[in-house]
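What you are looking at is a predicted structure, and each value in this text was computed from that prediction instead of being measured. Each chain gets a letter, A, B and so on, in the order the sequences are listed, and its residues count up from 1.
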Amino acid sequence: MEPYSHEKHKQHAFDSFCKKILKNEALNYSSELNRQREREVSLSELSAQEMDMLFSMDKYPSEIFSFSVLNFDVEVNDERIGEALAALPEEKRDIILLHYFLGMTDGEIGNKLNLLRSSVQQKRTRALRKLEKFMEGKA
Amino acid sequence: MGKRKSAKSRLLPFPVIAAAASGDVDAINAVLKHYEGYIIALSTRRLYDEYGRSYLCVDEGLRRRLETKLITKILTFDVA
């Protein structure tokens with residue numbers, strides 16, 4: 001009777017073993033699906049901001065306009081502004097760069113370039129006009 | 001047969017279990033056949049269309065996955 005009951009026991013054990021495996025695997029599958037559903041977003045439902053995070057623009061040295069003023073290197077990424085700045089005379093360009101890209105005041109620029117504050121301001125205003133003309137002429 | 005399912009038909013015979021656990025292909029197929037109904041029941045999903053009508057549909061991916069899992073696990077069953 002002993003071997004018989006052992007076999008019987010194994011038959012039941014195998015049956016429950018198989019059913020447990022199948023049931024657990026099915027549960028794994030559905031929790032994986034749920035996980036995926038939580039994290040997955042349709043491309044068409046992305047906000048514009050999220051869409052912007054999906055790509056990056058390459059930077060090429062040829063597209064960057066680089067100017068050096070005093071001891072600073074200033075890089076300008078925008079092609080139109082870069083070209084317009086390159087077209088300015090050097091002194092005016094320096095003033096624009098120092099003021100708008102490095103955030104210096106007219107007084108500070110005057111000290112660096114040995115100019116009066118008021119003449120820096122005047123040159124800066126004229127340089128802006130010139131830039132405006134140049135860019136409008138191009139556009 | 002008095003009952004729809006006798007005890008004999010619900011359990012696999014011991015020799016088949018022993019053979020399947022040791023890797024016998026025919027025995028493994030017999031085990032898969034035995035649990036086919038349960039596997040299909042587990043892989044059946046209820047799907048809804050845009051009008052809210054529901055359909056029952058067997059997820060073939062899940063069915064295959066359950067079969068594969070069962071096969072790999074049968075081989076680890078301790079018969080002794």
Checklist entry - With a cutoff of under 4.5 Å between side-chain heavy atoms, which Ile, Leu, Val, Met, Phe, Trp and Tyr residues group with B:Ile40? => result B:Val58
Checklist entry - If you tally heavy-atom pairs under 4.5 Å against chain B, which of A:Asn24, A:Ile21, A:Leu22 wins? => result A:Leu22
Checklist entry - Only one of A:Arg126, A:Lys123, A:Lys130, A:Lys112 forms a salt bridge (charged side-chain N to carboxylate O under 4.0 Å, His left out) with A:Glu91, so which one is it? => result A:Lys123
Checklist outcome for this item: Applying a strict 4.5 Å limit to non-hydrogen atoms, the region of A:Leu27 in contact with chain B is neither
Next on the checklist: I'd like to know which of B:Asp78, B:Leu62, B:Ile39 tops the heavy-atom pair count under 4.5 Å against chain A.
Outcome noted: B:Leu62
Checklist entry - If you round to the nearest 0.5 Å, how far is OG1 of A:Thr105 from CG of A:Leu98? => result 10.5 Å
Item to check | Part of A:Phe17 lying under 4.5 Å from any heavy atom of chain B | outcome: side chain
Checklist entry - Is there any residue in residues 66-77 of chain B with a non-hydrogen atom under 4.5 Å from a non-hydrogen atom of chain A, and which ones are they? => result B:Leu66, B:Lys69, B:Leu70, B:Lys73, B:Ile74, B:Thr76, B:Phe77
Item to check | Distance (rounded to the nearest 0.5 Å) between B:Arg45 CZ and B:Leu56 CG | outcome: 11.5 Å
Run the side-chain donor-acceptor check on residues 13-25 of chain B: report pairs under 3.5 Å with partners two or more places apart or on a different chain.
residue	atom	partner	partner atom	Å
B:Ser22	OG	B:Ala18	O	3.3
B:Ser22	OG	B:Ala19	O	2.9
B:Asp24	OD2	B:Asp26	N	3.3
B:Asp24	OD2	B:Ala27	N	2.8

Next on the checklist: With salt bridge (charged side-chain N to carboxylate O under 4.0 Å, His left out) as the criterion, how do B:Arg63 and B:Glu60 come out once you've worked through the C-alpha distance, each side chain's angles and the decisive distance to 0.1 Å?
Outcome noted: CA-CA 5 Å; B:Arg63 198 178 65 79; B:Glu60 282 298 317; 3.1 Å; yes
Item to check | Test side chain to side chain contact (heavy atoms under 4.5 Å, CB included) applied to B:Asp49 - qualifying residues, sequence neighbours left out | outcome: B:Tyr51, B:Arg53, B:Tyr55
Next on the checklist: I want to check something: taking the side chain as every heavy atom from C-beta on, are A:Lys23 and A:Lys19 in contact at a cut-off of under 4.5 Å?
Outcome noted: no
